[in-house]
Number of protein chains: 2
Amino acid sequence: MAAVGMKIGALAGRSGLPVKTLRYYEDLGLLPAIGRSEGGYRLFGEESLRRLEFIRRLKSLGLTLDDIQECLAVHDAGELPCGDIQRQLQRQIDLVDERLRELRLFRKELQSLLQNWQSDPAPNTAVICPNLNV
Amino acid sequence: MAAVGMKIGALAGRSGLPVKTLRYYEDLGLLPAIGRSEGGYRLFGEESLRRLEFIRRLKSLGLTLDDIQECLAVHDAGELPCGDIQRQLQRQIDLVDERLRELRLFRKELQSLLQNWQSDPAPNTAVICPNLNV
DNA sequence: TTAGAGTCTCCCCACGGGTGGAGAGTCAAG
DNA sequence: CTTGACTCTCCACCCGTGGGGAGACTCTAA
């Protein structure tokens with residue numbers, strides 16, 4: 001009558017994730033199984049569902065599985081991972097800001113090129129595209 | 001006394017690109033050799049340098065090698081690729097704009113999460129991170 | 001003629017997060 | 001006991017743009 005655990009298909013059904021993905025997470029150490037059946041089937045506890053929700057949420061916030069692994073390690077050590085997550089999220093914002101700067105600059109370059117673009121200029125045998133001058 | 005062509009190392013030296021990259025471009029069909037030596041060495045013409053400048057420029061504008069291939073095909077057919085390049089660059093701007101929208105939205109989400117973040121909240125056994133509520 | 005530099009093809013590796021399939025073993029219901 | 005669904009491990013592949021190296025061959029200058 002003890003809860004012996006879910007097999008991987010049951011966890012897939014309840015979490016909405018593909019079986020392959022769950023195996024992948026377990027291989028990475030993100031999702032420890034509570035054990036194996038006699039035949040070698042992975043058995044998962046109820047807390048796996050919470051864990052998968054956590055992983056999904058952090059993935060949606062742009063963290064890599066490696067980042068998430070670190071947060072879960074803190075949790076598994078019995079501490080609250082909130083501080084670590086906060087740092088990761090701040091780093092994420094910094095990365096986004098940098099990317100935004102790059103993209104805005106890049107857009108300016110593209111825009112200025114198209115500004116005086118001539119679709120059908122006089123051919124020039126010395127270059128491939130006269131508008132780009134190369 | 002005919003110009004029999006450069007070997008790949010000479011082209012690498014003059015273009016500043018690694019030999020490996022030139023072979024890769026030739027395999028893709030981006031950079032046709034004018035032939036092979038008796039021993040099987042690739043031989044390139046002078047126009048290869050112009051071609052590589054063109055490729056480099058379009059790469060720096062965010063086009064993929066596939067996109068560039070299309071432009072070069074137009075050029076090789078004897079037409080000016082300017083119209084095609086213009087379309088590619090406009091598409092590039094559209095992609096950048098979409099990406100900018102996504103990133104701005106994403107930044108808002110991250111920022112609002114950190115707004116009321118508590119680094120060290122009361123532990124809650126039902127969730128892994130009380131701030132995220134998962 | 002010979003040494004050494006250059007080049008050839010072919011194959012594996014990188015990144016991140018998985019997906020697909022083969023072949024074999026396991027589990028539960030009828 | 002059988003059958004069909006489930007699961008196991010292991011290997012390969014995807015995206016793009018090359019990099020690294022092995023083993024064999026070629027070219028050129030002295």
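Just so it is clear: chains get the letters A, B, ... in the order the sequence lines come, proteins before strands, and each one is counted from 1. Computed from a prediction, not measured in an experiment: that's the story for all the values here.
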message = By nearest heavy atom, map B/Lys7 and A/Pro18 onto DNA chain C; which one lands nearer the 5' end?
response =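 Final value for this comparison: B/Lys7.
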query = Which residue, B/Ala10 or B/Lys20, contacts DNA chain C at a nucleotide closer to its 5' end, judged by nearest heavy atom?
reply =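 Whichever sits nearer the 5' end wins; that is B/Ala10.
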ask   = Does a side-chain heavy-atom distance below 4.5 Å link B/Val134 with B/Val127?
value =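 With C-beta onward as the side chain, the pair stays apart.
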In whole angstrom, give the distance that lies between atom [atom1] of [X] and atom [atom2] of [N].
X       : N      : atom1 : atom2 : answer
B/Arg56 : D/dT17 : CZ    : P     : 16 Å
B/Leu22 : C/dT9  : CG    : P     : 14 Å
A/Asp27 : D/dT9  : CG    : P     : 8 Å
B/Tyr41 : D/dT26 : OH    : C1'   : 4 Å
B/Ile8  : D/dG19 : CD1   : C1'   : 14 Å
A/Asp67 : C/dC15 : CG    : C1'   : 15 Å
A/Arg23 : D/dC11 : CZ    : P     : 15 Å
A/Glu26 : C/dG17 : CD    : C1'   : 17 Å

Below 4.0 angstrom from OP1 or OP2 of [N], is there any side-chain N or O of [X]?
X       : N      : answer
B/Arg42 : C/dT9  : yes
A/Ser37 : C/dC27 : yes
A/Tyr25 : C/dG18 : yes
B/Lys59 : D/dG18 : yes
A/Arg36 : C/dG25 : no
A/Thr21 : C/dT19 : yes

Residue met sooner reading DNA chain D from 5', once B/Tyr24 and A/Gly9 are mapped to nucleotides =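 Its nearest nucleotide being more 5', the pick is A/Gly9.
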inquiry  = On DNA chain D, compare the nucleotides closest to B/Leu63 and B/Gly40; which residue's is nearer the 5' end?
reply    =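 First, find each residue's nearest nucleotide; the 5'-ward one identifies B/Leu63.
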Which nucleotide in D/dC10, D/dG19, D/dT17 has an atom nearest any side-chain atom of B/Leu65 =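 Nearest nucleotide to the side chain: D/dT17.
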inquiry  = Let's see if you can work this out: which of C/dG17, C/dC27, D/dG20 has an atom nearest to the side-chain heavy atoms of A/Glu38?
reply    =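 For A/Glu38, the side-chain atoms sit closest to C/dC27.
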Exercise: do B/Arg87 and B/Gln90 side chains pair donor with acceptor under 3.5 Å =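 The criterion, which ignores hydrogens and geometry beyond distance, is not satisfied for B/Gln90 and B/Arg87.
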Expected output: side-chain [X] to main-chain [Y] donor-acceptor under 3.5 Å:
X        : Y        : result
A/Arg99  : A/Asp94  : no
B/Asn131 : B/Gln118 : yes
A/Asp67  : A/Thr64  : yes

